[in-house]
Amino acid sequence: MVDILSAHVAFLLFESIFCLISAVLCALKNSQEKKARVVVTLLNIMAGALLLCDFVEYIFHGRPGAIASFVMYSSNLMVFLLCDLFLIVIDIYLSIVIFGEFSFRKDAKCRRRNFLCFLISGIGMLLVVISHFTGLYYTIDGTNKYHRGDYFYVSVIIAMLGMAIIFSILIQYRKKMQKYRFLALLSYILLPLIGFIYQLLFFGFAYMDIGIALSVNILFVENIVYQNKQIIKAERTDLRTGLPNEQSCIEWLEERRGQPELLKHAVVFFDISRISSINRKYGPETGSRVLKSFAGSFAEEFPKEEFLGHLQGDQFVAIVQKDHLPDLLSKLTDLKVKFTDDTGRDHESRLPVTAGVYEIKKGDHNGEDILTFAATALEQAKAGTGHPIVYMTKELMDSIEEKRRFEAKIRKGLDEGEFVPYYQPKVNSRTKVLCGAEALARWNHKGEVINPSSFIHIMEMNESICELDMYMLRTICKDISSWLEQGLQIPPISINFSRRNLADPDLAKKIDEIVTESGVPKELIEIEITETMDEFPISVMKEFVDDLRRRGFCSSIDDFGSANSSMAVLREISFDTMKIDKGFIDRDFSKDLTILNHIIKMAQSIGLTIVAEGVEQENQIKTLNSFGAEIIQGYYYDRPMPKDQMVERIKNPCYDK
Ligand code: C2E
Ligand code: CA
Ligand code: CA
């Protein structure tokens, strides 16, 4: 049989090691606030040291010799000192857990009790030192055996007084902490206290040590559980706003899956894109502040049983009762924020919102699907439908499905080479001779020739336009090569490049490689591009055009005179040609014509060649000629035509009208 005293001593050793290990773990973990971490580490070190001292004392108890005597005295001193010091450290820890800090400032909570606790602890330690020399609390006899002194009970009473004060603080502010943290701290006070009382009544075992050891164990377990909870919470929280994230939203929906209550809800996916522009204009810190303050104030008013989350960037999701939907939507359409920028200036800004709404129905599958429906409605709202709020309906779902199928067909058409260039001649209207052509894509699908209006927009949206443009360039180069081989006199051919391509900084290089590889002289290729104010800064377009020029290519600005054109682009970027949009040519009011006249004059004076597009009537040519614009591209001369017809036109470049 193991004798009980040995077991007790072994327990002390085991627990002291445990306390020291948990001190190391506490010091290393970074989830807790720094101040609390330091104090818990200290608490564990002190508990470990106390248990170790008591362990050593038991080992040397009753052993002869000066060393044993020294060890007995010093470890006893340490044990008594640490018991009093504990009061201070637990008191500080409690303040940090409850109030976030410990201080003796005038306005600090529990200031008097903290002060009293420190005083008791100080007096306690002083008495321990006095007792060390006078034997008040304990004596060590000649055989190095420990005996309680006549005033031992004073040491216990002092410690109990301190504990009582700490206990009163803990009970008063118990609501300020989570239940398990409260229970763990309570055990940290009660268990040693019970140990103390036991120790007073019974002699032979370090009951108080057992109490401390057990409470360190409990606090350790609580800490691990708390930490795990924090990790789980962090996984489900968006760090920037502190709102629940997408994962959390899906779980919210999943938890209620199949419940009739869920059918009373609608999901609103909304996007506050203006926050990004605040980001760009006033710097990311201001943007973050605006995002946080919006999220904070919006969340404050949000009913607890509903859901508000932040997904990424400027996107939020709200799950609300259908009855509350009109309220939420009207709030969203009139959002404003006040903020201060980094220079301290105050601003007030409207936050236009686009939103996708999905009303949850019976038979809806899972949280992810529900979220996707709302997200798809938002995509539609953002795709320039003109409506900032789009409801996901059966019809919309069908049309999206239809669009997806069409996209897949386009994709297949691209892979199988169904796209071909048509060529539309450009004619010098004075000499009536072919002077160039624009290549325009056509989709040969199942015997039908499909015009760009059916596919360009879709390809722009899903970015496959970049592939089409490169594919067109390769095919056009092949056509020109074969014409050159036939000894034909080829005029420059212009090729459309969508603005989407500008995302690629190597665009000019890639164009150069394709043309060079085909052996087509660079002066026969002109790159047409519409201006890009909405998507990229002018500098991006300028860099591209400059790069093209350095490599020996000409470029033209397409559709000048349509909605987006601006003079800034003409001033900043050195295009070779300006193409005047059909919309401008079609207007025949005198005011419009005066503007057209001046634009042509201005463009020519900065060295641009003018090409007028969409010309269908003779009188338009006369007007354009009178303004000094000679090069005409339009149905008046020719429609876009397939390769073979273009060959004939190249062979007969003169027009008779
Ligand atoms: P765009 O670059 O402005 O091309 C001129 C469009 O005006 C062509 O339409 C052409 O057929 C049409 N057009 C020319 N003269 C007249 C006229 O006298 N009257 C009328 N009513 N229309 C005329 P298309 O070929 O349907 O192309 C439409 C747009 O699709 C093009 O406008 C261009 O923005 C885009 N596109 C065509 N092919 C490509 C391509 O390979 N890549 C890219 N990125 N875009 C392309
Ligand atoms: Ca064009
Ligand atoms: Ca054009």
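Source: prediction; values computed, not measured. One-based numbering, in listed order, for ligands and for the atoms of each. Computed over heavy atoms, backbone and side chain alike; hydrogens, waters and symmetry mates excluded.
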Residues [X], [Y]: salt bridge by 4.0 Å N-O rule:
X      : Y      : result
Asp512 : Lys522 : yes
Glu613 : Lys579 : yes
Asp546 : Lys542 : yes
Glu463 : Arg500 : yes
Glu379 : Lys382 : no

Cation-pi check, [X] to [Y]: give yes when NZ or CZ is under 6.0 Å from the six-membered ring centre and within 45° of the ring axis, no otherwise.
X      : Y      : answer
Arg587 : Phe584 : yes
Arg639 : Tyr635 : yes
Arg549 : Phe544 : no
Lys331 : Phe298 : yes

What do you think, any protein heavy atom under 4.0 angstrom from [atom]?
atom                    : value
atom 11 (O) of ligand 1 : yes
atom 7 (O) of ligand 1  : no
atom 32 (O) of ligand 1 : no

What atoms of ligand 1 come within less than 4.0 Å of a heavy atom belonging to [X]?
X      : result
Asp559 : 3 (O)
Val615 : 18 (O)
Met472 : 41 (O)
Gly614 : 15 (N), 16 (C), 17 (C), 18 (O)
Ile465 : 44 (N)

I need the nearest protein heavy-atom contact for [atom]: residue, atom name and distance, please.
atom                    : value
atom 27 (O) of ligand 1 : Pro452 CG, 3.5 Å
atom 5 (C) of ligand 1  : Glu613 OE2, 3.4 Å
atom 15 (N) of ligand 1 : Gln424 NE2, 3.0 Å
atom 35 (C) of ligand 1 : Ile456 CG1, 4.0 Å
atom 4 (O) of ligand 1  : Leu440 CD2, 3.4 Å
atom 20 (C) of ligand 1 : Lys582 CE, 3.1 Å

Looking at ligand 1, does any of its N/O atoms fall within less than 3.5 Å of an N/O of [X]?
X      : value
Ala441 : yes
Tyr636 : no
Asp469 : yes
Glu616 : yes

Looking only at N, O or S atoms in [X], which is nearest to the Ca ion (ligand 3)?
X      : value
Glu613 : OE1
Asp559 : OD1
Asp558 : OD1

When rounded to the nearest 0.5 angstrom, what distance separates CG in Leu325 from CD1 in Ile389?
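Between atom CG of Leu325 and atom CD1 of Ile389 there are 8.5 Å.
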Can you tell me how far CD1 of Ile595 sits from CG of Leu593, rounded to the nearest 0.5 angstrom?
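The distance works out to 9.5 Å.
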Provide the closest heavy-atom pair for Val540 versus Leu502 in the form atom of the first, atom of the second, distance.
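For Val540 and Leu502, the tightest heavy-atom pair comes out as CG1-O, 3.8 Å.
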With a heavy-atom distance limit of 4.0 Å, tell me whether Ser498 approaches ligand 1 through its side chain, its backbone, both, or neither.
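Both the backbone and the side chain of Ser498 come within reach of ligand 1.
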What part of Arg442, side chain from CB on, backbone N/CA/C/O, both or neither, has a heavy atom under 4.0 Å from ligand 1?
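Near ligand 1, Arg442 shows its side chain, while the N, CA, C and O stay back.
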Would you name the N/O/S atom of Glu438 that lies closest to the Ca ion (ligand 2)?
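Output for this pair reads OE2.
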Tell me which N, O or S atom from Glu528 is the closest to the Ca ion (ligand 2).
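Nearest to the Ca ion (ligand 2) within Glu528's N, O and S set: OE1.
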Under 30°, 30 to 60°, or over 60°: which ring-plane class applies to Phe316 and Phe270, parallel, tilted or perpendicular?
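Phe316 and Phe270: parallel rings.
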What do you reckon, are the aromatic ring centroids of Tyr358 and Phe269 less than 6.0 Å apart?
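No, they do not, as the ring centres are separated by 6.0 Å or more.
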Aromatic contact between His347 and Tyr282, with the criterion being ring centroids under 6.0 Å apart: yes or no?
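Yes, close enough.
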For the Ca ion (ligand 2), decide whether Asn496 has an N, O or S atom at a distance under 3.0 Å.
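An N, O or S atom of Asn496 is closer than 3.0 Å to the Ca ion (ligand 2), so yes.
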Nearest neighbour of atom 17 (C) of ligand 1 from the list Tyr635, Tyr637, Tyr471, Phe455, on a heavy-atom basis
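When every heavy atom of Tyr635, Tyr637, Tyr471, Phe455 is considered, Tyr635 comes closest to atom 17 (C) of ligand 1.
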Working note: Trp443 + Tyr471, criterion ring pair (Phe, Tyr, Trp, His ring centres under 6.0 Å); need CA distance, chi angles, decisive distance, verdict.
CA-CA 13 Å; Trp443 181 15; Tyr471 173 82; over 10 Å; no
